[in-house]
> 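The structure follows.
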Amino acid sequence: MINKVRVEIGGIGLLFRYKDCQIKKDKNGDLDIKDFIRDGKKDFVIDIEIGNLPEYSREKILFESKENWRSYIHNGSYLFEIYQNNRDITSVCIMQKSLNKAKTYMIAQREGDINNKKFNPNFKKRWSLESFMRVLGQLIFSSVLYKYQGLLIHSSGIILNGEGVIFCGISGSGKTTLTELWKKRKEVIVLSDDRIIVRKEKNGYFVYGTPWPGEAKIISSRVSLSFNSAS
């Protein structure tokens with residue numbers, strides 16, 4: 001039996017499909033995805049497989065974060081590697097260039113044990129949606145967002161009188177401080193203190209909240225009625 005869960009971010013539906021495994025709740029993270037789980041159309045499909053990582057080639061490196069992920073070209077598709085301790089690969093995602101489907105392979109392992117690179121059939125096959133969305137989900141979504149005329153921007157954002165306003169800036173420039181100040185006003189809806197989506201749609205530009213918070217740990221699945229300015 002194939003299980004499914006749909007996550008909607010920025011008006012775009014990501015449909016996760018998985019079988020022979022269960023979703024576990026990530027209680028230790030700062031990501032809360034429940035408000036983004038809803039029914040609707042599927043814009044992008046992600047198939048999840050728990051077990052050994054596949055054999056694959058690294059034809060051309062596109063980007064390396066120097067922290068926890070790398071991207072490559074692989075047989076005409078995009079490939080993401082997620083790793084820990086600068087070397088131990090924990091999951092691999094192969095995404096079609098058409099930006100409508102991806103398959104992700106994840107190693108099943110005990111929490112904190114990344115030394116066993118082979119799948120142990122005695123482990124319970126579970127995966128965390130929150131953990132997936134924290135890094136790999138953000139990479140996939142940022143790629144898909146381009147197809148829908150959108151950008152994921154490093155900024156805080158609010159809705160004031162129905163209009164979306166964003167505050168861009170590098171880390172330490174005051175985005176979180178502004179968010180905390182705006183949060184005190186009843187007429188304001190705070191969307192996020194760190195990641196905001198801006199999309200061009202038929203009726204104009206719109207600002208969306210995201211599940212990726214900053215230091216203030218503020219997230220929202222709300223959307224503005226319009227977007228005319230940014231600071």
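In this text the structure is predicted, and so the values were computed from the model without any measurement.
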> What is the distance from atom CZ of F63 to atom CG of L139, rounded to the nearest 0.5 Å?
9.5 Å
> Can you find a pair of side-chain heavy atoms, one from V165 and one from W182, that are under 4.5 Å apart?
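Answer no - side chains too far apart.
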> Determine whether S77 and M95 satisfy the following criterion, side chain to side chain contact (heavy atoms under 4.5 Å, CB included), listing intermediate values before the conclusion.
CA-CA 6 Å; S77 298; M95 183 172 64; over 6 Å; no
> Not counting sequence neighbours, which residues clear ring-ring contact (aromatic ring centres under 6.0 Å, His included) with Y18? List them please.
W127
> Test of understanding: clusters of I, L, V, M, F, W, Y form through side-chain heavy atoms closer than 4.5 Å, transitively. Do L181 and I159 belong to the same one?
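Looking at the clustering, I159 is in a separate group from L181.
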> Consider only side-chain heavy atoms of I, L, V, M, F, W and Y, link residues closer than 4.5 Å, and tell whether Y148 and V45 are in one cluster.
no
> Can you find a pair of side-chain heavy atoms, one from F80 and one from S143, that are under 4.5 Å apart?
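Sidechains of S143 and F80: in contact.
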> Do you know which two heavy atoms are closest between G209 and L191, and how far apart they sit?
CA-CB, 3.8 Å
> Is L15 reachable from I50 through a run of I, L, V, M, F, W or Y residues, each pair having side-chain heavy atoms under 4.5 Å apart?
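No, because I50 and L15 fall into different hydrophobic clusters, even though each may have its own neighbours under 4.5 Å.
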> What closest approach, in Å, do M106 and S91 show between heavy atoms, and which atom pair accounts for it?
CG-CB, 3.5 Å
> Applying a strict under-4.5 Å side-chain criterion to I, L, V, M, F, W and Y, I'd like to know whether I197 and Y146 cluster together.
no
> Could you grab the distance from atom CD1 of I140 to atom CG of L14, nearest 0.5 Å is fine?
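One gets 8.0 Å once the value is rounded to the nearest 0.5 Å.
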> First locate atom CG of D193, then atom OG1 of T210, and finally report the distance between them rounded to the nearest 0.5 Å.
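With rounding to 0.5 Å, CG (D193) is 9.0 Å from OG1 (T210).
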> For residues C93 and A102, report the shortest heavy-atom separation together with the two atoms involved.
SG-CB, 3.8 Å
> To the nearest 0.5 Å, how far apart are CD in Q149 and CG in L151?
10.0 Å
> Indicate yes or no: at least one non-hydrogen side-chain atom of I12 is less than 4.5 angstrom from one of F44.
no
> Do any N or O atoms from the side chain of D43 and from the backbone of G13 form a donor-acceptor pair under 3.5 angstrom?
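At least one qualifying donor-acceptor pair exists.
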> Is the closest side-chain heavy-atom distance between I61 and Y72 below 4.5 Å?
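They are in side-chain contact.
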> Indicate if I9 and I37 have the same hydrophobic cluster label, given that clusters are the connected sets of ILVMFWY residues with side-chain heavy-atom separations under 4.5 angstrom.
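As far as the 4.5 Å side-chain criterion goes, I37 and I9 are connected within one cluster.
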> Checking S98 against K147 for the side chain to side chain contact (heavy atoms under 4.5 Å, CB included) test, could you report, in this order, the C-alpha distance in whole Å, the side-chain angles of both residues, the deciding distance, and whether it holds?
CA-CA 9 Å; S98 59; K147 182 179 178 179; 5.6 Å; no
> Okay, side chain of E59, backbone of N75: is any donor-acceptor separation there less than 3.5 Å?
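Side chain of E59 to backbone of N75: a pair is present.
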> The criterion is side-chain hydrogen bond (donor to acceptor under 3.5 Å, both in side chains); which residues satisfy it with K34, sequence neighbours excluded?
D32
> Looking at S192, S173, C168, which hits side chain to side chain contact (heavy atoms under 4.5 Å, CB included) with S155?
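Filter result, single survivor: C168.
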> Looking at V7, I33, D35, which hits side chain to side chain contact (heavy atoms under 4.5 Å, CB included) with P211?
I33
> What's the verdict on side chain to side chain contact (heavy atoms under 4.5 Å, CB included) for V223 and R199, showing C-alpha distance, side-chain angles and the deciding distance?
CA-CA 10 Å; V223 56; R199 278 187 63 193; over 6 Å; no
> I want to check something: taking the side chain as every heavy atom from C-beta on, are H154 and D194 in contact at a cut-off of under 4.5 Å?
yes
> Which heavy atom of F16 sits nearest a heavy atom of M133, and at what distance?
CZ-SD, 3.7 Å
> What's the separation between atom CG in L79 and atom CG in L62, rounded to the nearest 0.5 Å?
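Separation between the atoms: 9.5 Å.
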> Are the side chains of T179 and E215 in touch, meaning some heavy atoms are under 4.5 Å apart?
no
> Of all residues at least two apart in sequence or in a different chain, which pass the side-chain hydrogen bond (donor to acceptor under 3.5 Å, both in side chains) check with S221?
R38
> Over all heavy atoms of both residues, which pair between I48 and F132 is shortest? Give the atoms and the distance, please.
CD1-CE1, 3.7 Å
> Out of curiosity, D47 CG to K101 NZ, how far, rounded to the nearest 0.5 Å?
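It comes to 5.5 Å.
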> Look at the side chain of S65 and the backbone N and O of W69, then say whether any donor-acceptor pair between them is shorter than 3.5 Å.
yes
> Would you indicate whether R6, at its atom CZ, is surrounded by more than 12 heavy atoms from other residues, nucleotides or ligands within a distance under 6.0 Å?
yes
> Kindly determine whether R185 and I158 satisfy side chain to side chain contact (heavy atoms under 4.5 Å, CB included), including the steps that lead there.
CA-CA 11 Å; R185 295 181 55 172; I158 64 170; over 6 Å; no
> Are the side chains of K4 and K42 in contact, using a 4.5 Å heavy-atom criterion?
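Side chain of K42 against side chain of K4, heavy atoms only: no contact under 4.5 Å found.
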> So which heavy atom on S220 is nearest to which on F36, and how close?
O-CZ, 3.4 Å
